[in-house]
Engineer: 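My structure is below; once you've seen it, I'll send some questions.
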Amino acid sequence: MSAKIAAPRGTFDILPEQSAQRALVEHAARELLEAAGYARIETPAFEATELFSRGVGEATDIVQKEMYSFDDGGGRSLTLRPEGTAPVCRAYVEHGMHKLPAPVKLYYLGPFFRAERPQKGRYREFWQVGAEVLGSDDPAVDAELIVLLHDLLKRLGATVRLRLSSLANAQTRAAYREELAAYLRANEHELSETVRSRIDLNPLRAFDSDDLRTQAVMAKAPRLIDRLDSEDAKHFAEVRSLLELAGIPYEIDSTLVRGLDYYTRTLFEFTSDALGAQSGVGGGGRYDGLVELIGGPPTPGIGWAAGIERIVLAAQVSATRDVPPDLYVAHEGRRADAFTLTLAARTAGLRAQMELGGRSLKGQLKHAERISARHLAILDAQGTRLDGKPAEDIVRQVLSA
RNA sequence: GUGGGCGUAGCUCAGCUGGUAGAGCUCCGGGUUGUGGUCCCGGCGGUCGCGGGUUCGAAUCCCGUCGCUCACCCCA
């Protein structure tokens, strides 16, 4: 035997048992989203690298160290898509969807790629279901999207918490960042070393520190939520009241951070305890500047993405794999008859299988039992029987049974 | 990139302080059976991740390496 080849690190085979679970998740997502007027869109698995470096943000972890980029042979750099929002916006612009009645409501479902170290709930190739709404800054869109993701997770049986925040607009956020960094520097001697080293890089992370003295400092730190301008504050208040109307519990978490640069205003994340260190099942936010950033007209947008693998973990989705056949055709020395009968049964709309494993007659009967075949035909030298009794027209008998 | 745990049949694992491998499940066959779910018997299946070292002898000890996994960073 030659050396074995395993699936690349961080990738996985979706075996029949898992494909049934995932199909459940996918069906639920489609049903829910299509009922709300979202139409499916699929974009290529790879895009121009620039789409992500520009759209997601040059300084983000995704762009700096997690992209699978390659030269296409003609000097162009392509990248396996690490996320779905920028590609959807690209398609929106490319196909002139801003001329469609606003807003444009889209969803997608497919594989994404990030070159990270794998761990529980985190893979290098993973699947996401995502929804995006382009062309409306109505707070009801924010609320609708959150409700849809909530309902999806709830329907599948996941126990989740909703964390909610507002990131304001780019100007407010930049000003706040300065204010926070200044505050951290002023209290530098009280901060843990890691937090201190990140003051300029990512000051918001200081809120997540588990260092006690740092926590004491952060308790009094300025919060972005309190710095929203009147427009952003009003938008946020509207979103909140709509969520309350929908009866969806949430927690305001002003420390919510997302690793993508394009977010503005509403930001949210659903978390589950069933995922190990990767608590996020799905999340998203508003990105009012993104479409313009990648060359389109100024267009408000908002969306979310949820990991299929994480949903399966969080919801402990279980599904039965095999659908029992209506008819199993066992045979001994009558392959052609069995073949013809099986095809006829399928043509008549039955789920039919015939013996293909070279088993003994006894083995065939055991097998038919094991897969819970509803009816059993036996074709051998003694004749043709259905469920133990001599039979003429097996297909018709099974159909009328 | 860094750290912890683990790598023995397709799967789950046993194998004490070293003497060149076992069980259960699965699968296939036989027996029993109302030609089929139980039960009984048998069979297929492993270069003990890989490479060195110690030893008369290593799955078992030592070193290295690769892989898996969990965690850090970050995220779906």
Engineer: Would A/F126 count as stacking on B/rA76 if stacking means ring centres less than 5.5 angstrom apart and planes tilted under 30 degrees?
Structural biologist: yes

Engineer: Do any side-chain nitrogens or oxygens of A/R122 fall under 4.0 Å of OP1 or OP2 in B/rA76?
Structural biologist: no

Engineer: Using the C1' atom in both, what is the distance from B/rA14 to B/rC56, to the nearest Å?
Structural biologist: 28 Å

Engineer: Across all strands shown, which nucleotide pairs with B/rA9 by Watson-Crick or G-U wobble geometry, both distances under 3.5 Å?
Structural biologist: none

Engineer: How far does the C1' atom of B/rG10 sit from the matching atom of B/rC66, given to the nearest Å?
Structural biologist: 22 Å

Engineer: Roughly, in whole Å, what's the span from NZ in A/K389 to P in B/rG34?
Structural biologist: 18 Å

Engineer: Could you please name the partner base of B/rC61, counting Watson-Crick and G-U wobble pairs only when both distances are under 3.5 Å?
Structural biologist: B/rG53

Engineer: Of A/E269 and A/G363, whose closest RNA chain B nucleotide lies nearer the 5' terminus?
Structural biologist: A/G363

Engineer: If the C1' atom of B/rG51 is compared with that of B/rU47, how far apart are they to the nearest Å?
Structural biologist: 13 Å

Engineer: In whole angstrom, give me the gap between the P atoms of B/rC39 and B/rA76.
Structural biologist: 49 Å

Engineer: Between B/rC27, B/rC73, B/rA76, which nucleotide gets closest to the side-chain atoms of A/D61?
Structural biologist: B/rC73

Engineer: Could you work out the separation of B/rU20 and B/rA58 based on their C1' atoms and round it to a whole Å?
Structural biologist: 8 Å

Engineer: Could you give me the CA-CA distance, side-chain angles and deciding distance for A/D138 and A/S136, then say whether side chain to side chain donor-acceptor pair (under 3.5 Å) is met?
Structural biologist: CA-CA 5 Å; A/D138 191 316; A/S136 169; 5.1 Å; no

Engineer: Report yes or no: is there a donor-acceptor pair, N or O only, under 3.5 Å between the side chain of A/Q119 and the base of B/rC73?
Structural biologist: yes

Engineer: Within the 4.0 Å heavy-atom criterion, would you say A/G276 contacts the bases, only the backbone, or no part of the nucleic acid?
Structural biologist: sugar-phosphate

Engineer: Taking the side chain of A/R9 as heavy atoms from C-beta outward, which of B/rC74, B/rG29, B/rG67 is closest to it?
Structural biologist: B/rG67

Engineer: With both distances kept under 3.5 Å, what pairs with B/rU38, Watson-Crick or G-U wobble?
Structural biologist: none

Engineer: Whole angstrom is fine here: how far is it from CD in A/Q364 over to P in B/rG30?
Structural biologist: 11 Å

Engineer: Determine yes or no for a side-chain-to-main-chain donor-acceptor pair under 3.5 angstrom, with A/R161 supplying the side chain and A/D273 the backbone.
Structural biologist: no

Engineer: Looking at CZ of A/R359 and NZ of A/K366, how far apart are the two atoms once the value is rounded to the nearest 0.5 Å?
Structural biologist: 11.5 Å

Engineer: Measure the distance from CD on A/E132 to C1' on B/rA76 and round it to the nearest whole Å.
Structural biologist: 13 Å

Engineer: Can you find a donor-acceptor N/O pair under 3.5 angstrom joining the side chain of A/E116 to the base of B/rA76?
Structural biologist: yes

Engineer: Quick one: is B/rC28 close enough that its OP1 or OP2 comes under 4.0 Å of any side-chain N or O from A/R370?
Structural biologist: yes

Engineer: Indicate, with a heavy-atom threshold strictly under 4.0 Å, whether A/V129 touches base, sugar-phosphate, or nothing.
Structural biologist: nothing

Engineer: What distance separates A/E83 CD from A/F112 CZ, expressed to the nearest 0.5 Å?
Structural biologist: 7.5 Å

Engineer: Find which nucleotide of RNA chain B each of A/E309 and A/G388 is nearest to by heavy atoms, and output the residue with the more 5' nucleotide.
Structural biologist: A/G388

Engineer: Given the structure, check if the side chain of A/R310 and the base of B/rC75 hold any donor-acceptor pair shorter than 3.5 Å.
Structural biologist: yes

Engineer: Does any part of the side chain of A/V329, heavy atoms only, come nearer than 4.5 Å to the side chain of A/E355, both counted from C-beta?
Structural biologist: no

Engineer: Within this structure, what is the CE-to-P distance between A/M67 and B/rC75, rounded to whole angstrom?
Structural biologist: 15 Å

Engineer: Is A/R359 touching bases, backbone alone, or none of the nucleic acid, heavy atoms closer than 4.0 Å?
Structural biologist: sugar-phosphate

Engineer: For atom C1', what is the distance between B/rU8 and B/rA23, given to the nearest Å?
Structural biologist: 12 Å

Engineer: Determine the contact category for A/F112: base if any of its heavy atoms lies under 4.0 Å from a base atom, sugar-phosphate if only primed atoms, P, OP1 or OP2 are that close, otherwise nothing.
Structural biologist: nothing

Engineer: Any Lys/Arg nitrogen of A/R240 or A/E238 sitting under 4.0 Å from an Asp/Glu carboxylate oxygen of the other?
Structural biologist: no

Engineer: Please tell me which of the listed nucleotides, B/rC28, B/rG3, B/rC75, lies nearest to the side chain of A/R114?
Structural biologist: B/rC75

Engineer: A side-chain contact here means heavy atoms from C-beta on lying under 4.5 Å apart; do A/L145 and A/V133 qualify?
Structural biologist: yes

Engineer: Can you check the A/R124 CZ to B/rC73 C1' distance for me, whole Å?
Structural biologist: 14 Å

Engineer: May I have the distance from A/K366 (atom NZ) to B/rG29 (atom C1'), rounded to whole angstrom?
Structural biologist: 9 Å

Engineer: What is the distance, rounded to the nearest whole Å, between atom OH of A/Y262 and atom C1' of B/rC75?
Structural biologist: 12 Å

Engineer: With the threshold set at 4.0 Å, does a side-chain nitrogen-carboxylate oxygen contact exist between A/D151 and A/R155?
Structural biologist: no

Engineer: Should the side chain of A/K362 and the base of B/rG31 be counted as holding a donor-acceptor pair, with the cut-off at 3.5 Å?
Structural biologist: yes

Engineer: Atom OH of A/Y263 to atom P of B/rC74: distance rounded to whole Å?
Structural biologist: 17 Å

Engineer: Report the base-pairing partner of B/rC44 (Watson-Crick or G-U wobble, both distances below 3.5 angstrom), or none.
Structural biologist: none

Engineer: Taking atom C1' in both B/rA9 and B/rC48, compute the distance separating them and give it to the nearest angstrom.
Structural biologist: 10 Å

Engineer: Can you tell me, in whole Å, how much space there is between the C1' of B/rU32 and that of B/rG45?
Structural biologist: 27 Å

Engineer: In the strands shown, is B/rA14 matched to any nucleotide by a Watson-Crick or G-U wobble pair with both distances under 3.5 Å, and which?
Structural biologist: none

Engineer: OP1, OP2 of B/rC28 versus side-chain N and O of A/S360: anything below 4.0 Å?
Structural biologist: no

